[in-house]
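Everything on this sheet refers to the single structure shown next.
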Amino acid sequence: MKWESVIGLEVHAQLLTESKIFSSTPTRYGAKPNTQAGLIDLGYPGVLPVLNRTAVEMAVRFGLAIGATIGRRSVFARKNYFYPDLPKGYQISQYDRPIVMGGALDVLLADGSVKRIGITRAHLEEDAGKSVHDLFPESTGIDLNRAGTPLLEIVSEPEMRSAEEAVAYLKGLHTLVRYLDICDGNMQEGSFRCDANVSVRPLGQRELSTRTEIKNLNSFRFVEQALAFEMERQIRVCESGGTIIQETRLYDSDRRETRSLRTKEDAHDYRYFPDPDLLPLDLEEGFIDAIASALPELPRAKRERFEIRYGLGAYDATVLTQSRELADYYETVAGTDGLDPKLVANWVMGEVLAGLHRDHLEITGVPIAASDLAGLLARIGDGTLSGKMAKEVFEAMWSGGGGADAVIEARGLRQLSDQGALEAVIDTVIAAHPAQWSEYQAGRDKLLGFFVGQVMQATRGQASPKLLNDLLQKKRHPPS
Amino acid sequence: MILARDQIERLAALASLEVGEEDAGRLGHELARILDFVRELDTAVTDDIEPLTHPLELSQSLRSDCVGEPVDRDRFQRDAPQTEAGYYLVPRVIE
Amino acid sequence: MKPRGVPVLLEGAKSRPQAILSHYRERIRTFNSRINAFITVLAEGEADRMPHAGGGILGGLPIAHKDIFVTRDVRTTCGSRMLADFVPPYDAAVVERLAHAGCTLLGKTNMDEFAMGSSNETSYFGPVRNPWDLERVPGGSSGGSAAAVAAGLAPVATGTDTGGSIRQPAALCGITGFKPTYGRVSRFGMIAFASSLDQAGILARSAEDVAWTLRAMAGHDPRDSTSVARPVPDYVEALGQGVRGRRIGVLENCFDTGLDPQVGERIRDALRVLERLGATLCDVRLPHLSLSVPAYYVLAPAECSSNLARYDGVRFGYRAPGARDLADLYRRSRSEGFGLEVQRRILTGTYVLSHGYYDAYYLKAQRVRRLIREDFLRAFKTVDILAGPTTPTPAFRLGEKTEDPLTMYLNDIYTIGVNLAGLPALSTPAGLVDGLPVGLQLIGGDFEEALILAAAHAFQGATEWHRLEPPGFEDSES
């Protein structure tokens with residue numbers, strides 16, 4: 001039997017506000033335990049929540065970016081359950097009246113096709129604190145610094161059919177929230193978290209089967225691995241005549257498997273009801289319009305523009321627009337007079353991204369300024385540098401060598417492209433190796449490499465390879 | 001109407017309350033009476049009536065995103081039954 | 001005997017604030033053990049921590065706060081074992097404002113646990129006794145505040161009113177109790193019972209004393225999203241408006257079965273006084289008012305079940321010793337920390353919010369709540385004030401209604417509708433039945449505090465009921 005998997009993702013994106021969603025303590029990551037947990041975050045008797053305007057604006061920004069309907073009236077509700085990292089015994093969230101409804105994200109698949117994934121809703125809520133299980137011998141430690149950090153929970157439709165699609169969607173979302181400057185997307189620090197709902201069904205079946213929810217997917221790789229494992233597991237269960245039970249499963253990245261955390265039987269009854277401490281959030285048209293008019297160019301529009309304006313393929317355009325900063329970097333270089341946008345794309349996607357990856361840097365911390373890279377590429381264009389020399393210059397610039405011309409000067413890396421000078425060197429080399437030259441002239445093509453090597457050695461690699469080749473050809477069959 | 005013991009136990013579990021053997025029976029009886037009593041609400045015709053959450057129907061106001069509230073962890077943790085190294089402690093939770 | 005009002009005290013405080021403070025401290029020392037009105041009494045000097053004591057529009061006025069308002073560095077128990085040792089790190093908005101106005105804190109008054117009760121018998125710190133008859137209840141949940149003012153242990157006390165918790169004890173103790181419009185006074189720092197119903201208010205001898213205090217207490221607070229941003233009128237100045245020309249709707253619903261006939265007579269007498277003062281009376285019947293108690297006993301427990309979830313023995317409050325695991329810690333801390341009535345309401349609230357029951361109970365009650373509010377709003381199109389008895393009977397005996405929660409709940413039958421509708425209301429002394437006080441309730445439209453205070457002030461100008469002192473508690477220096 002052929003199986004089809006059905007995947008929906010729930011993403012929790014921490015919003016990039018200074019202060020928390022309902023209190024004025026800072027949201028900074030990594031502070032000492034409980035030093036950013038104020039009276040409201042701790043749920044002290046008598047405290048009350050007041051809503052952060054920026055968190056609301058960010059949610060609206062997201063909604064507009066995915067073409068959603070913005071809830072003109074949304075309502076905060078309490079989700080009631082007991083857990084030590086949930087100080088009030090309830091989480092303030094949105095339930096039946098979220099701030100963002102509907103919308104979609106177009107994601108680019110590896111084959112170059114675009115798939116539209118529906119987004120059911122996105123709502124504002126507060127984050128919980130953290131439980132630390134490995135610090136105390138008999139206790140769990142509770143750190144409530146994170147409690148009250150604003151979250152946007154983004155719920156997709158169950159429209160993804162493979163792990164690849166799910167990852168593509170997640171990456172698209174990741175790019176979008178960073179474009180919108182509403183989330184830093186740091187998955188390691190938990191500011192962009194993902195849960196997945198997965199089920200499998202015989203190909204052709206319309207109704208959905210029982211699904212499981214996988215938690216703790218804190219990298220794209222884990223999402224892919226966990227989904228692949230889980231789909232395979234479910235198919236195995238179904239094919240051996242078993243049934244899938246609705247449950248929450250945890251992904252164990254060390255063992256590369258998912259395992260049951262709790263079944264639906266012990267699922268909570270969250271007893272949602274409108275939070276009486278908060279009034280309905282009514283958004284006026286002017287408020288929404290102001291946000292709409294300040295939206296940046298979105299990833300998809302930018303990608304399409306890159307393809308047309310710079311003549312790039314879909315893949316290159318996607319890579320170069322994965323963050324606003326990278327796209328800006330590329331555009332600054334590619335916009336320089338006389339540079340070939342395709343050559344620029346190759347260098348940015350090749351040397352620059354490789355260097356960033358190797359040195360664990362973000363594009364914002366790239367050691368070579370866009371104008372300096374443009375300067376280097378101009379030296380290839382004007383024949384001063386060979387591709388190989390340019391890479392050497394690039395490495396020197398990367399490690400703080402200054403601009404391209406300074407490095408070229410300091411290292412004497414100017415390409416020898418003066419015909420007369422190069423001919424003189426070639427003649428010296430031929431004179432030193434008469435036997436080989438005769439063989440070469442007699443038709444032993446392999447010896448070309450030998451002479452190129454000899455000349456390069458003599459010129460300390462500065463000979464223009466193209467000119468050298470031309471001259472050697474010319475001398476092999478002199479015009480009679 | 002009477003609330004069966006397992007219903008009381010389920011409610012107690014949701015509310016994190018401990019209801020002992022003898023209390024369960026009495027509470028089941030009392031709760032059932034209260035719940036019967038409030039069913040008088042059924043006499044009202046409420047079709048097309050919107051639920052009222054707040055007496056005054058106003059909108060939420062927004063505060064600006066500024067850091068302000070001071071955090072005095074040591075002072076706050078004096079209120080707590082058990083803390084260590086800045087953490088609030090609870091019996092070990094196994095995940 | 002003539003108990004001193006706030007204006008007189010303020011005048012006196014200008015020259016000898018310590019004498020006034022000492023007078024009340026002395027009375028607390030002498031009488032509190034009889035009525036158990038205070039949970040915590042501040043020692044000499046302790047109250048001086050208040051930053052602005054002495055200055056301000058209430059400079060030198062001694063005050064007692066219901067132990068539901070958090071006070072920085074002063075134990076705040078909410079009448080519960082759960083918070084028996086809780087010393088808050090901050091001040092409630094009400095505490096802050098009154099301190100800023102110059103009030104000096106005498107102590108924290110006893111109350112039903114987490115404000116859940118109508119007799120003050122659910123307090124972990126023992127019941128309060130009614131100064132008019134020590135075998136009777138003072139009402140609740142602000143029973144300590146009511147008894148303290150009635151017995152002359154404090155000139156003014158704060159209270160909270162979720163279903164009648166200010167007006168009912170004020171009526172049973174023979175004093176003036178005032179609940180402002182929902183949103184008029186900040187709830188920040190007021191320990192929540194049912195957030196959409198809770199409102200801070202005042203218990204005092206007279207409408208005039210209420211007006212003085214309310215003026216300092218009311219106003220917008222950005223820390224409470226449900227507090228309303230609109231100017232605070234000068235309630236003191238507005239007292240002179242009287243009641244002439246006001247149309248008063250007599251709430252006929254309250255004269256149905258269940259009302260003690262003698263209480264009914266006192267209320268009819270009081271209404272005639274208002275008529276003599278120039279008000280016109282008419283009968284009003286609110287079709288859905290009888291559903292107030294059932295609607296309340298769905299909505300208030302629902303909110304309370306969630307509001308009280310924060311008491312889990314982790315960050316503050318009682319923690320049961322020797323817990324086996326986390327679930328055991330939660331259950332035992334909460335079951336040992338909360339009393340029976342609180343647990344009963346938490347369970348009721350959990351039930352009405354739980355899956356499968358939400359629509360039939362919670363949503364239904366919210367719809368009925370709208371009908372009740374609409375009933376009131378319709379009435380206020382033709383009348384200025386609604387009037388009736390505050391309670392069906394005078395103070396009942398301690399223990400008389402503790403066996404049956406429903407009987408206790410029905411004691412708030414006349415006061416609860418006002419909370420559901422969010423309106424301002426007041427109870428003024430209106431006579432005695434068998435030596436026990438009876439309260440007349442006056443209800444106003446949204447933010448019509450000044451109007452009902454003026455009506456009550458006119459009534460009190462024409463009657464002596466609010467000047468009566470419980471036998472044995474007369475304030476000789478007055």
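Each chain gets a letter, A, B and so on, in the order the sequences are listed, and its residues count up from 1. Predicted, not measured: the structure shown is a model, and the values here were computed from it. No hydrogens, no waters, no symmetry mates; every other heavy atom, side chains included, goes into these values.
With a threshold of 4.5 angstrom between heavy atoms, A/Phe136 approaches chain B through its backbone and through its side chain. Both the backbone and the side chain of A/Glu18 have a heavy atom closer than 4.5 Å to some heavy atom of chain B. Of the two parts of A/Asp275, only the backbone, made up of N, CA, C and O, holds a non-hydrogen atom closer than 4.5 Å to a non-hydrogen atom of chain B. Heavy atoms of A/Pro84 lying under 4.5 Å from chain B belong exclusively to its side chain. Both the backbone and the side chain of A/Leu39 come within less than 4.5 Å of a heavy atom in chain B. B/Ala13 does not touch chain A: none of its heavy atoms, backbone or side chain, sits under 4.5 Å away. Proximity to chain B (any heavy atom under 4.5 Å) is restricted, for A/Leu144, to the side chain, taken from C-beta onward. Within the 4.5 angstrom heavy-atom criterion, only side-chain atoms of A/Tyr44, from C-beta onward, approach chain B. For A/Tyr270, no part lies under 4.5 angstrom from a heavy atom of chain B. Residue A/Ser131 does not touch chain B at all, counting heavy-atom pairs closer than 4.5 Å. With a 4.5 Å cut-off on non-hydrogen atoms, A/Val75 does not touch chain B at all.
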Side-chain donor/acceptor pairs under 3.5 Å, residues 53-62 of chain A, sequence neighbours excluded:
unit_1, atom_1, unit_2, atom_2, d
A/Arg61, NH1, A/Leu180, O, 2.7

May I have the list of side-chain donor-acceptor pairs in residues 80-89 of chain B shorter than 3.5 Å, sequence neighbours left out?
unit_1, atom_1, unit_2, atom_2, d
B/Gln82, OE1, C/Arg319, NH1, 2.9

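No other option in A/Pro276, A/Pro33, A/Ala37, A/Ser23 has as many heavy-atom pairs under 4.5 Å with chain B as A/Pro33. Contacts with chain B were tallied for A/Gln36, A/Arg271, A/Lys32; A/Arg271 has the most, counting heavy-atom pairs under 4.5 Å. Chosen from A/Leu281, A/Ile21, A/Thr35, the residue pairing most often with chain B at heavy-atom distances under 4.5 Å is A/Thr35. When each of A/Asp143, A/Leu135, A/Val50 is scored by its heavy-atom pairs under 4.5 Å with chain B, the top score falls to A/Val50.
Counting heavy atoms of neighbouring residues, nucleotides and ligands inside a 6.0 Å radius, atom CZ of B/Arg75 exceeds 12 of them. Heavy-atom neighbours of B/Arg5 CZ from other residues, nucleotides or ligands within 6.0 Å: above the threshold of 12. Around OH of A/Tyr95, the count of heavy atoms belonging to other residues, nucleotides or ligands within 6.0 Å does not exceed 12.
Among the residues in residues 44-54 of chain B, those with a non-hydrogen atom closer than 4.5 angstrom to a non-hydrogen atom of chain A are B/Thr53, B/His54. Contacts between residues 59-74 of chain B and chain A, counted as heavy-atom pairs separated by less than 4.5 Å, involve B/Ser59, B/Gln60, B/Ser61, B/Leu62, B/Arg63, B/Asp65, B/Cys66, B/Val67, B/Gly68, B/Glu69, B/Val71, B/Arg73.
The CG atom of A/Asp41 lies 9.0 Å from the CZ atom of B/Phe76; values are rounded to the nearest 0.5 Å.
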